[in-house]
Amino acid sequence: MRVLLTGGAGYIGSHTALVLLERGHEVVVLDDFSNSSREAVRRVEELTGKTIPVIEADLADREVATAALADVAFDSVVHFAGLKAVGESVAQPTRYYRVNIDSTLVLLDLMRERGVDKLVFSSSATVYGDPEYVPQDEAHPVGVGLTNPYGWSKFMNEQIIRDAQVAWPELGAVLLRYFNPVGAHPSGRIGEDPSGIPNNLMPFIAQVAVGKREHLSVFGDTYNTPDGTGVRDYIHVMDLAEGHVAALERIAAGVTTYNLGSGTGSSVLEVVRAFGEAAGREIPYVIAPARGGDVAETVANPTKANVELEWQTTRTLADACRDSWAWQSANPQGYTA
Ligand code: NAD
Ligand code: UDP
């Protein structure tokens, strides 16, 4: 397959590009580099020995994206492009809705015009809101009690893709609901490179470990969880990347939803301990107030993906900490060093 990766220079996109190339597929990356670097793509080329055509364009801009892709051939799409900072989405709702919704609308029209009928979309466990039960399967209610425009934009995108498929029955779309992606390629050459202060737990811990930040603030220790801190299902980004390849290779007309997670929950303090062991140093932390909008616990029931995609996670939280540390310690300034 020749796969267009929108947002393919980003954290998950770059790892997926690598796995697709290693599986013998071709990839084309479209990115506006608003939250990523060309260096990520260059390093995927270096790791795989393959060339990746790169198109720099804003997918949410219909004219720009249509012109940029006019001469580019592809037969399937993985749509990663979008803005993802939850707190920023609360402060800048119109920007988040514009980018995250318009990019999907432009892409769907473009795919239909071109007859490209295979789409994998980056959704999120955030669509489940505050879980009614854990672990959550795909039948868990979605769109109830979502607390931020980022989450709503994922929920709306899922609906937009379903409606587009009703109007265009040949379209095969897979909505992948990611749990918490962490880790890096084991080479330490590519990884997560957040700009500014990391929002997410593992990149924050990694920056504490490397000495860029003094301590971690643990957001809340009175949740109804075994140690009182929030529980999440952390999935190694290489497992996640493999999930995309499995989904793409099995795509059929219709819309299918899969959880991509490990099925195991870990608390904030468990992640702190695991990272400390991987890095061979203490991770200083303080207990801070709970973060608004956070839920106590989310854990995937990944059975549907395990069975239908013949995919499962093979890497542990310890593996993710080791690989994240390899990336962070070799690239303390990310790709800009
Ligand atoms: P990322 O920010 O590293 O990657 C997104 C990429 O999209 C970046 O390279 C960015 O420059 C690009 N982009 C943004 N707006 C664009 C536009 N208008 N046109 C073209 N390119 C644009 O994020 P990521 O962690 O790799 O996430 C990829 C996708 O997965 C996103 O849709 C995100 O919402 C979703 N997701 C991420 C997580 C997570 O925790 N990382 C969890 C669930 C879902
Ligand atoms: N968290 C924390 N300190 C931080 C960042 C995150 O204690 O600096 C906690 C957060 O409250 C949640 C877990 O770590 O319980 C995972 O948060 P993250 O933002 O990585 O992912 P989320 O599940 O919120 O999307």
Side-chain angles (χ1 to χ4, degrees), residues 5-16 29-38 40-41 55-61 64-65 68 78-87 89 95-96 98-104 106-107 120-127 147-148 150-151 153-154 157 176-182 191-195 197-205 207-208 213 215-221 223 225 228-235 237 240-241 244 260-261 265-272 285-298:
L5 305 181
T6 77
Y11 172 46
I12 303 168
S14 55
H15 290 80
T16 303
V29 164
L30 179 143
D31 206 296
D32 68 354
F33 299 101
S34 54
N35 195 40
S36 56
S37 154
R38 275 184 186 268
V41 181
I55 296 142
E56 181 166 355
D58 175 358
L59 181 60
D61 185 323
V64 166
V78 186
H79 179 31
F80 299 103
L83 302 175
K84 64 162 184 176
V86 170
S89 80
R95 176 171 168 242
Y96 267 67
R98 188 174 64 249
V99 173
N100 288 3
I101 305 285
D102 281 0
S103 59
T104 304
V106 168
L107 179 65
V120 173
F121 174 67
S122 300
S123 190
S124 168
T126 194
V127 301
T147 55
N148 57 77
Y150 169 74
S153 79
K154 290 295 174 195
N157 265 307
L176 296 179
R177 294 179 180 153
Y178 310 159
F179 281 67
N180 288 58
V182 289
E192 188 170 12
D193 182 18
S195 51
I197 302 169
N199 297 297
N200 295 113
L201 179 64
M202 194 166 296
F204 199 103
I205 294 178
Q207 293 196 1
V208 173
R213 308 199 182 270
H215 63 259
L216 170 75
S217 294
V218 174
F219 296 146
D221 68 346
Y223 286 112
T225 59
T229 66
V231 167
R232 297 289 182 275
D233 184 334
Y234 295 93
I235 171 170
V237 68
L240 187 63
H244 289 73
L260 293 186
S266 305
S267 74
V268 176
L269 293 180
E270 283 173 332
V271 178
V272 168
Y285 67 87
V286 297
I287 303 296
R291 184 169 65 178
D294 272 3
V295 303
E297 182 176 13
T298 57

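Indexing begins at 1, ligand by ligand and atom by atom, following the structure's order. Residues: numbered from 1 along the sequence shown. Note: hydrogens, waters and symmetry copies are ignored here, and every other heavy atom, side chains too, is used.
- Nearest heavy-atom pair across Ala9 and Phe33 is CB-CE2, 3.5 Å.
- Taking any N or O of His79, backbone or side chain, none lies under 3.5 Å from an N or O belonging to ligand 1.
- Tyr11 N, 2.8 Å is the protein heavy atom nearest to atom 3 (O) of ligand 1.
- Atoms CG and CD1, from Asp32 and Ile55 in turn, are 13.0 Å apart once rounded to the nearest 0.5 Å.
- Of all protein heavy atoms, the one lying nearest to atom 22 (C) of ligand 1 is Asp32 OD1, 3.1 Å.
- In this structure, the side chains of Ser267 and Val231 come closer than 4.5 Å at one or more pairs of heavy atoms.
- Nearest protein heavy-atom contact of atom 24 (P) of ligand 1 is Lys84 NZ, 3.7 Å.
- Backbone and side-chain nitrogen or oxygen atoms of Glu192 are examined, and none is located within less than 3.5 angstrom of a nitrogen or oxygen of ligand 1.
- Taking a cut-off of under 4.0 Å to the non-hydrogen atoms of Ala57, the atoms of ligand 1 that pass are 19 (N), 20 (C).
- For atom 40 (O) of ligand 1, the nearest protein heavy atom (residue, atom name, distance) is Pro181 CD, 3.3 Å.
- Heavy-atom proximity to Ser122, at under 4.0 Å, picks out these atoms of ligand 1: 29 (C), 30 (O), 32 (O), 35 (C).
- Inclusion of Leu59 in the set of residues having an N or O under 3.5 Å from an N or O of ligand 1 is warranted.
- Side-chain contact between Glu192 and Val182 is absent, with no heavy atoms from C-beta onward closer than 4.5 Å.
- Side chain of Ser217 to backbone of Phe219: no donor-acceptor contact under 3.5 angstrom is found.
- Counting the atoms of ligand 1 from 1 in the order shown, those under 4.0 Å from a heavy atom of Val99 are 15 (N), 18 (N).
- The environment of Tyr285 atom OH is sparse: at most 12 non-hydrogen atoms of other residues, nucleotides or ligands sit within 6.0 angstrom.
- Atoms CG and CG, on Leu59 and Asp102 in that order, are 9.5 Å from each other to the nearest 0.5 Å.
- Counting heavy atoms under 4.0 Å from ligand 1, residue Phe33 touches it through the backbone alone.
- Note: an N/O pair closer than 3.5 Å links Tyr150 and ligand 1 by distance alone.
- For ligand 1, the polar-atom distance check finds no N/O of Ser103 at less than 3.5 Å from any of the ligand's N/O atoms.
- Which of Leu107, Asn199, Leu5, Ile12 comes nearest to atom 37 (C) of ligand 1 through a heavy atom is settled by distance: it is Ile12.
- Some N or O of Asp31 is nearer than 3.5 Å to an N or O of ligand 1, by distance alone.
- In this structure, the side chains of Phe80 and Ser122 come closer than 4.5 Å at one or more pairs of heavy atoms.
- Asn148 pairs by the side-chain contact (heavy atoms from CB on, under 4.5 Å) definition with Val86, Ser89, Val90, Tyr150, not counting sequence neighbours.
- Counting only heavy atoms of the protein, atom 18 (N) of ligand 1 lies nearest to Asp58 OD1, 2.8 Å.
- Contact annotation: the side chain of Val272 approaches that of Leu216 to within less than 4.5 Å [non-hydrogen atoms, C-beta and beyond].
- Contact of the Val78 side chain with the Thr6 side chain is not registered, since no non-hydrogen atoms from C-beta on lie closer than 4.5 Å.
- The distance from ligand 1 to the heavy atoms of Ser124 drops below 4.0 Å at these ligand atoms: 43 (C), 44 (C).
- At least one N or O atom of Gly10, backbone or side chain, sits closer than 3.5 Å to an N or O atom of ligand 1.
- Applying the side-chain contact (heavy atoms from CB on, under 4.5 Å) criterion to Arg213, with sequence neighbours excluded, gives Ile197, Pro198, Phe204, Gln207, Val208.
- Side-chain contact of Asp221 with Thr229: a donor-acceptor pair under 3.5 Å is absent, judged by distance alone.
- In this structure, the side chains of Arg177 and Leu260 stay at 4.5 Å or more apart for every pair of heavy atoms.
- Checked against side-chain hydrogen bond (donor to acceptor under 3.5 Å, both in side chains), Arg38 has the following partners two or more places apart in sequence or in another chain: Glu56.
- Protein residues are said to neighbour a ligand when one of their heavy atoms lies under 4.0 Å from it; for ligand 2 these are Asn180, Asn199, Asn200, Leu201, Leu216, Ser217, Val218, Phe219, Gly230, Arg232, Tyr234, Val268, Arg291, Asp294.
- The heavy atom nearest to atom 14 (C) of ligand 1, considering only Ala40, Pro194, Ser34, is found in Ser34.
- When each atom of ligand 1 is checked for a heavy atom of Ser123 under 4.0 Å away, the hits are 43 (C), 44 (C).
- Residue, atom and distance of the protein heavy atom nearest to atom 28 (C) of ligand 1 are Phe80 O, 3.6 Å.
- By the 4.5 Å heavy-atom criterion applied to side chains, Ile12 and Tyr178 are counted as neighbours.
- Taking only nitrogen or oxygen atoms, main chain and side chain alike, Asn35 reaches within less than 3.5 Å of ligand 1.
- Leu5 is not listed as a side-chain neighbour of His79, based on a closest heavy-atom distance of 4.5 Å or more.
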